[in-house]
Amino acid sequence: MTLILDPDDPAGWREAPPASAPPSTAAPSGTMPPAGGDRLTDGLNPEQREAVEYRGPALLIVAGAGSGKTRVLTHRIASLIQSREAWPSQILAITFTNKAAAEMRERVEALLGEAAGGMWISTFHSACVRILRREAESLGLSSTFTIYDSADTRTVLKRIIKELDADTMGFTPASAQAKISRLKNELADVETYARNANTNDPNEVMFVEIFRQYTRRLREASALDFDDLIAETVYLFRAFPKVASLYQRRFRHILVDEYQDTNHAQYALIRELTQSIPADRVHEMEGHGVNVAALTDASGGIPGASLTVVGDSDQSIYAFRGADIRNIVEFERDFPGAKVVLLEQNYRSTQNILSAANAVISNNFDRKDKKLWTAVGDGELITGYTGYTAHDEAQFVADEIESLHRAGIAYRDIAVFYRTNAQTRALEEIFVRSALPYRVVGGTKFYERAEIKDAMAYLISVANPLDELALRRILNTPKRGIGPATETALASFAEQNGISFREAMRNADALGLGPKVTGAILALARVLDEAAAMLVPSSRGVAEGTNEGAKPVSDVLVFLLESSGLIDALRNSRDPQDETRAENVEELVAQTRDFDRENPGATLVDFLTQVSLVAAADEIDDASGTVSLMTLHTAKGLEYHAVFLTGLEEGLLPHQMSASEPGGPAEERRLFYVGITRARKRLFLSLAMSRAQFGEVAVAMPSRYLQEIPEGLIDWRQSPGMATSRGGTQPRALNARRPGGAWGTRDRDLEKFSVLKSAAPKAEWANRVTGTVRDNGDLTLEAGDRIRHVDFGEGRVTQVTGEGTKRIAHVAFDTAGQKKLLIKIAPIEKL
DNA sequence: TCTACTATATTTTTT
DNA sequence: ATATAGTAGA
């Protein structure tokens, strides 16, 4: 990821003095498009062409999966620039991930045949950080503010809840975090919320207090959480219209991708940015040296920026974090006169895959009917497989990947998706055993490891001395004999004297602590001060506003690691895991070196920002020859030659937790839809009949969504409807209508016409069916019995544990060794 | 103040 | 099953 430098910084015109250096751009006008300008629409279908060429205040592109929306967006941007309708610096494009942003920039520049500096192509969060760092002063923030991730937020909330004894009222850090996040996404700040709160409800009073304290602590630490990044930018624009006007003037074309997943705060931000600027303020701006030439309309004001949004409500999968599907559904009402373009032709998948996707998503009511189609032909059937256990399922995936690979498909063209991160375990175990090159995208991230967080906390403490959370984290890491008692003493000393925690550390000798502890605190304070000194630019750098003369991030990190003793503590530790931790820290150093090399002149704060805002999908390295493992959420926007959708079971997809949420099952179905539509040529659907959860094995039932795929599209290698308890290889179609068979005889086509009839029985139907699948039923085993297993051969039961459906036989097989088997569904027979 | 043991929750998805 | 957090003892 590269930092984007900005040659058209709208600096200079804030609240007071006139600009020292007027911005340099004005919209070019009256220039003819260069010859060959229509090259940009070559090879586009009529709808895509219209989406590229339409000019107007608002454009909604309803883009089905794989309909070439990225192509349309890049061509649209390139066309605006090439026709001289806009300078690159007048374009703001919002993407879902940093990786998508980098790709879009590359593709636009490839189309133009030249670098297009000054374009803002980034995520909502990155763009907001950029604006906030620049305007921090207006909000009373330090421009080096820290960005708190979810773990940081939870730590702060945990302390607050403990201090307030709020846990006795049922508050947990997670619940408070979720509620605060939800409020911030709705742009409700503490005081607004407090005013409308019911003061008779002790629960609510307590929550207000938690929220208040949380807000105060973040402010004192000069820190913002993820949700603040968006919300504070909106507040900034609303409280300082003049600041807002600078950005409104600058961005003439705003494009937002994945619009169906924007939340209210993001929507409000877009609204602010697309406001027009009244004539009197334009005059005022002009008086301060802001170039407004060629931007004004007949009234003397500057019209609002043109807005293009791209989205697909069928792919909305982030309602849980506040995404509001209404943003896209009601776009035409919000932006009167908006043009709508529909892209339905799919250029990614085979017709079989699309038919499955269409069939599944058509079960969501309350949606505009939309059917993806392709001209490439049916392609191969979807492959289905039902394993006995998650490991069995994983083995199937591994085997199929190997056979794809032998057939010439590169590993990097293959992906495995799942609903929850916990599902990676079985997959990884089998992949390692099969020596398959793979990479887990997202999940427990590198930057979430404790040792990396420690090292990062050192950097954060240097960049933002007010950040108490980071300071407290490193206070006794590595161990230097500073315990909770000392920490409290320092904190109260700071509070009594009205100084920061960091300042209190510098004055530790005034606390009357033991000489050893005092020495340790002073030494740490000195190390941090020295590191801070390394970051000060030379006087020339200061004068020019550059970072010239400051030491690179990697140097500062190495200095901190060595002089704090952190790296030595890890290297000299007796704990064997610390060796790996030391290597991880080395890896972090290597990453800072890369950062320094790729971003000359960038600051420590730039590095910290970049680290805070990496998305899971940003980690995917296209050049690496590995299979990618990721959650269905991470998979959004990606495509692969072959896709494996695993764990298609009730309770997992749809997830248990979604049942209680309104719209949950529909959102889970969209998630399934997103997964299906990632596949270009091959799609594999798999599930397990039993799955370990919380260390306990439980019987799993096929996902209700599997039945929504028309029969004939799936070739079941081993189907859930397979009733034989041995043999195990006889495939039988999942949806085959057999009188009295496992899947029932109900006519689903008829059901569609009756909402009342279909809703409840449908869920039941799936369950009834799966309850009878591969049921050994009344098979009773006890120690000493001999059994035969399909794969493991004969063996002797040594022990039986568990109750009901969870009864487990411990079996010593004659050749395969010790195994634990779920009696109900294991492919075994009693001898 | 540090280490070792025990109890407990953890598994929804993410910037 | 496993990771973390809290408690008790050195």
Side-chain angles (χ1 to χ4, degrees), chain A residues 94-101 122-129 147-151 153-155 158 162 172-174 177-178 181 184-185 224-231 258 261-263 265-266 316-323 390 417-426 429 441-445 447-448 450 476 478-487 514 516-517 520 574-575 577 609-618 630-636 647 651-661 664 667-668 670-672 674-675 691-698 820:
Chain A
I94 302 288
T95 57
F96 204 65
T97 64
N98 295 295
K99 184 162 177 275
S122 71
T123 63
F124 268 110
H125 289 86
S126 300
C128 287
V129 168
I147 300 163
Y148 277 6
D149 64 16
S150 314
T153 296
R154 214 169 314 126
T155 307
K158 201 153 130 201
K162 198 170 177 187
T172 64
Q177 181 177 29
S181 176
K184 286 185 177 181
N185 285 333
L224 298 177
D225 64 27
F226 281 133
D227 304 314
D228 285 332
L229 296 178
I230 315 289
E258 308 284 8
D261 281 325
T262 51
N263 60 35
Q266 291 165 336
S316 164
I317 54 173
Y318 280 103
F320 71 92
R321 69 171 200 211
F417 302 155
Y418 37 81
R419 178 65 176 83
T420 70
N421 282 305
Q423 290 167 249
T424 53
R425 187 154 287 157
E429 276 175 31
V441 181
T444 39
K445 287 186 223 122
Y447 288 98
E448 281 169 13
N476 201 30
K479 306 261 184 297
R480 34 172 90 88
I482 307 175
T486 314
E487 191 181 318
K516 213 171 157 187
V517 182
R574 286 183 300 115
D575 186 341
Q577 287 193 311
T609 303
Q610 191 190 88
V611 170
S612 300
L613 299 181
V614 284
D618 295 338
M630 69 190 83
T631 65
L632 285 164
H633 283 89
T634 304
K636 186 169 83 149
L652 219 43
L653 190 80
H655 195 275
Q656 197 76 53
M657 288 288 137
S658 70
S660 54
E661 279 163 33
E667 174 144 326
E668 299 282 308
R670 288 194 292 269
L671 206 44
F672 187 41
V674 166
R691 193 167 289 271
Q693 209 175 10
F694 299 122
E696 277 216 322
V697 189
K820 283 188 248 179

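Keep in mind that what you see is a predicted model, and the values were worked out from it rather than measured. Chain identifiers are assigned alphabetically (A, B, ...) following the order of the sequence lines, protein sequences preceding nucleic acid strands; residue numbering begins at 1 within each chain.
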Worksheet item: Is there a side-chain contact between A/K184 and A/D225, using heavy atoms and a 4.5 Å cut-off?
Response: yes

Practice prompt. Could you state the atom-to-atom distance from OH of A/Y418 to C1' of B/dT13 in whole Å?
Written response: 12 Å

Worksheet item: Rounding to a whole Å, what distance do you find between A/E448:CD and B/dT14:C1'?
Response: 10 Å

Practice prompt. Could you check A/I147 against A/H125 for side-chain contact (heavy atoms from CB on, under 4.5 Å), going step by step and ending with a plain yes or no?
Written response: CA-CA 11 Å; A/I147 300 163; A/H125 289 86; over 6 Å; no

Discussion item. I need the CZ-C1' distance between A/F417 and B/dT13, as an integer number of Å.
Written reply: 14 Å

Practice prompt. For B/dT1, take OP1 and OP2 only and decide whether either is under 4.0 Å from a side-chain N or O of A/T486.
Written response: yes

Worksheet item: Mind checking the C1' distance from C/dT4 to B/dT13? Whole angstroms is fine.
Response: 22 Å

Worksheet, complete the sentence: Here the distance between atom P of B/dT13 and atom CD of A/Q177, to the nearest Å, is 13 Å

Fill in: Within the 6.0 Å centroid threshold, strictly below: A/F320 and A/H655
no

Worksheet item: Given atom CD of A/E429 and atom P of C/dT2, what is their separation to the nearest angstrom?
Response: 9 Å

Worksheet entry | Touch class at under 4.0 angstrom, heavy-atom based, for A/S150 against every strand present | base

Practice prompt. Go through the steps to decide whether A/T486 and A/N476 satisfy the test side-chain contact (heavy atoms from CB on, under 4.5 Å), and finish with yes or no.
Written response: CA-CA 10 Å; A/T486 314; A/N476 201 30; over 6 Å; no

Worksheet item: Nearest-Å distance, CG (A/N263) to C1' (B/dT14)?
Response: 12 Å

Item to complete: Could you tell me the separation between the OH atom of A/Y447 and the P atom of B/dT15, rounded to a whole number of Å?
Response: 14 Å

Practice prompt. Quick one: do A/Y318 and A/T262 satisfy side-chain contact (heavy atoms from CB on, under 4.5 Å)? Show the steps, please.
Written response: CA-CA 8 Å; A/Y318 280 103; A/T262 51; over 6 Å; no

Worksheet item: A/N476 near the nucleic acid: base, sugar-phosphate alone, or nothing, with a heavy-atom cut-off under 4.0 Å?
Response: sugar-phosphate

Worksheet item: Ignoring hydrogens and geometry, is there a side-chain-to-backbone donor-acceptor pair from A/Q266 to A/N263 under 3.5 Å?
Response: yes

Item to complete: Would you kindly compare A/V517 and A/L613 by the position of their nearest DNA chain B nucleotide and give the one closer to the 5′ end?
Response: A/V517

Worksheet entry | Any A/K158 side-chain N or O less than 4.0 Å from OP1/OP2 of C/dA5 | yes

Discussion item. Between A/I317 and A/L632, is the side-chain contact (heavy atoms from CB on, under 4.5 Å) condition met? List the steps.
Written reply: CA-CA 9 Å; A/I317 54 173; A/L632 285 164; over 6 Å; no

Every protein N/O within reach of nucleotides 5-12 of chain B N/O, cut-off under 3.5 Å:
unit_1: B/dT12; atom_1: O2; unit_2: A/R419; atom_2: NH1; d: 3.3
unit_1: B/dT12; atom_1: O2; unit_2: A/R419; atom_2: NH2; d: 2.2
unit_1: B/dT12; atom_1: O4; unit_2: A/E661; atom_2: OE2; d: 2.5

Worksheet item: How would you label the contact of A/Y318 with the nucleic acid (heavy atoms, under 4.0 Å): base, sugar-phosphate, or nothing?
Response: sugar-phosphate

Worksheet entry | Atom pair distance, as rounded to whole Å: CG in A/D227 and C1' in B/dT15 | 8 Å

